[in-house]
Amino acid sequence: MSIFPRLLPSFYLRDDVVQIGKDLLGKVLVTDFDHQISAGIIVETEAYRAPDDKACHAYLNRKTKRTKTMFETGGTAYVYLCYGIHHLFNVVTAKEGIAHAVLIRAIEPLENIKVMLKRRGMEQVKPQLTAGPGVMTKALGISKDHNGINLCDPASKVWIEDHSIQVSEEEIIKSPRVGIDYAEECALWDWRFRIKDNRFTSKAK
DNA sequence: CACGGGATCGTCT
DNA sequence: GACGATCCCGTGT
């Protein structure tokens, strides 16, 4: 039982996914699997927005079996397999029918570091424990089995909390998103957000 | 520290 | 049948 409030649907239902990507910095991502709570402070995100963003899976509102989740209501988890190996965790935003999402790329470990180390097969805490979208999900025990769950559902095993951690605009580094060179002019948009000087953000390009 | 390549499989063409 | 919203390890400096 946590004393911190979960983010409400009103947080996720807003239209501006770029703003939500910034607002998620400093919020706390929590999982509760096998009676093990583990959590970390979100320190890096990327925004993706249909229909105009060529880097978004749902570009031009393309509806496929995979992208279907992105059209769900804000607060839904969108988890998919990348490069056949890594499970990437996104938060769907905006109301149902609008395919916006924020990719959570890195967290700063906060609670139950022991279980995170175990899930990663590591002994010591290093940035690579949770810095990077694929390793972060592994540390928290998130997999594509969690695709489509609602983070606002009180019964959900994955959610995001507000610990009143303030991240000012000056502390946010804005840069182009990673690994989307194919997205032409959209590849230049500064839709990647990191907390300045935080060692648990993934490496700059 | 920079780089290059292999792993590995779901998704869409 | 090609490719990816990645990671890790090896090599070389």
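Atoms considered below: every heavy atom in the structure, side chains included; atoms not considered: hydrogens, waters and symmetry mates. Protein chains get the first letters and strands the later ones, always in sequence-line order, with residue 1 at the start of each.
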Review point. Considering residues at least two apart in sequence or located in another chain, which fulfil the side chain to side chain contact (heavy atoms under 4.5 Å, CB included) criterion with Leu110(A)?
Key: Val28(A), Ile41(A), His163(A)
Exercise for review: Tell me the stems DNA chain C sits in, counting at least three consecutive Watson-Crick or G-U wobble pairs, each under 3.5 Å on both distances.
Suggested key: B:1-7 with C:6-12, B:9-12 with C:1-4
Check your understanding: With Asp52(A), which residues qualify under side chain to side chain contact (heavy atoms under 4.5 Å, CB included), at least two apart?
Key -> Arg49(A), Trp189(A)
Practice item. Examine dT6(C): is either OP1 or OP2 under 4.0 Å from a nitrogen or oxygen in the side chain of Arg105(A)? Give yes or no. Key: yes
**Study point:** Rounded distance (Å) that lies between atom P of dG4(C) and atom OH of Tyr59(A)
**Key:** 16 Å
Check your understanding: Are Leu81(A) and Tyr78(A) joined in one hydrophobic group, where the rule is that I, L, V, M, F, W and Y side chains link up if heavy atoms are under 4.5 Å apart?
Key -> no
Revision key, fill the gap. To the nearest angstrom, the NZ-C1' distance between Lys126(A) and dC7(C) comes to 14 Å
Review point. Tyr182(A) OH to dG4(C) C1': how many Å, rounded?
Key: 7 Å
Practice item. From the options dA5(C), dT13(B), dC8(C), select the nucleotide whose nearest atom is closest to the side chain of Val135(A). Key: dC8(C)
Using nucleotides 5-10 of chain B, report all nitrogen or oxygen pairs with the protein that are shorter than 3.5 Å.
residue	atom	partner	partner atom	Å
dT8(B)	O2	Tyr83(A)	O	2.5

Check your understanding: What is the distance, rounded to the nearest whole Å, between atom CD1 of Ile180(A) and atom C1' of dT6(C)?
Key -> 14 Å
Study note, to complete from the structure: Between CD of Glu44(A) and C1' of dC7(C) the distance, given in whole Å, is 14 Å
Check your understanding: Any side-chain donor paired with an acceptor under 3.5 Å for Gln36(A) and Asp32(A)?
Key -> no
Check your understanding: Rounded to the nearest 0.5 Å, what separation is found between the OG1 atom of Thr69(A) and the CD1 atom of Ile149(A)?
Key -> 11.0 Å
Review point. Is the backbone N or O of Val178(A) less than 3.5 Å from a side-chain atom of Arg192(A), with the two atoms forming a donor-acceptor pair by type?
Key: no
Point to revise | Euclidean distance, atom CG of residue Asn147(A) to atom P of dA5(C) [Å, nearest integer] | key: 16 Å
**Study point:** Sidechain N-carboxylate O distance under 4.0 Å for Arg105(A), Glu46(A)
**Key:** yes
Review point. Who passes side chain to side chain contact (heavy atoms under 4.5 Å, CB included) against Leu8(A), sequence neighbours left out?
Key: Ser10(A)
Check your understanding: Between atom CG in Asp190(A) and atom P in dA5(C), what is the gap in whole Å?
Key -> 19 Å
Check your understanding: Over how many whole Å does the gap from Leu129(A) atom CG to dC7(C) atom P extend?
Key -> 13 Å
**Study point:** Nonpolar side-chain network containing Tyr59(A), other nodes, edges under 4.5 Å
**Key:** Leu60(A)
Review point. Within less than 4.0 Å of OP1 or OP2 of dG4(C), is there a side-chain N or O belonging to Arg177(A)?
Key: no
Review point. Where the side chain of Val178(A) is concerned, which of dA5(C), dT6(C), dT13(B) is the nearest nucleotide?
Key: dT6(C)
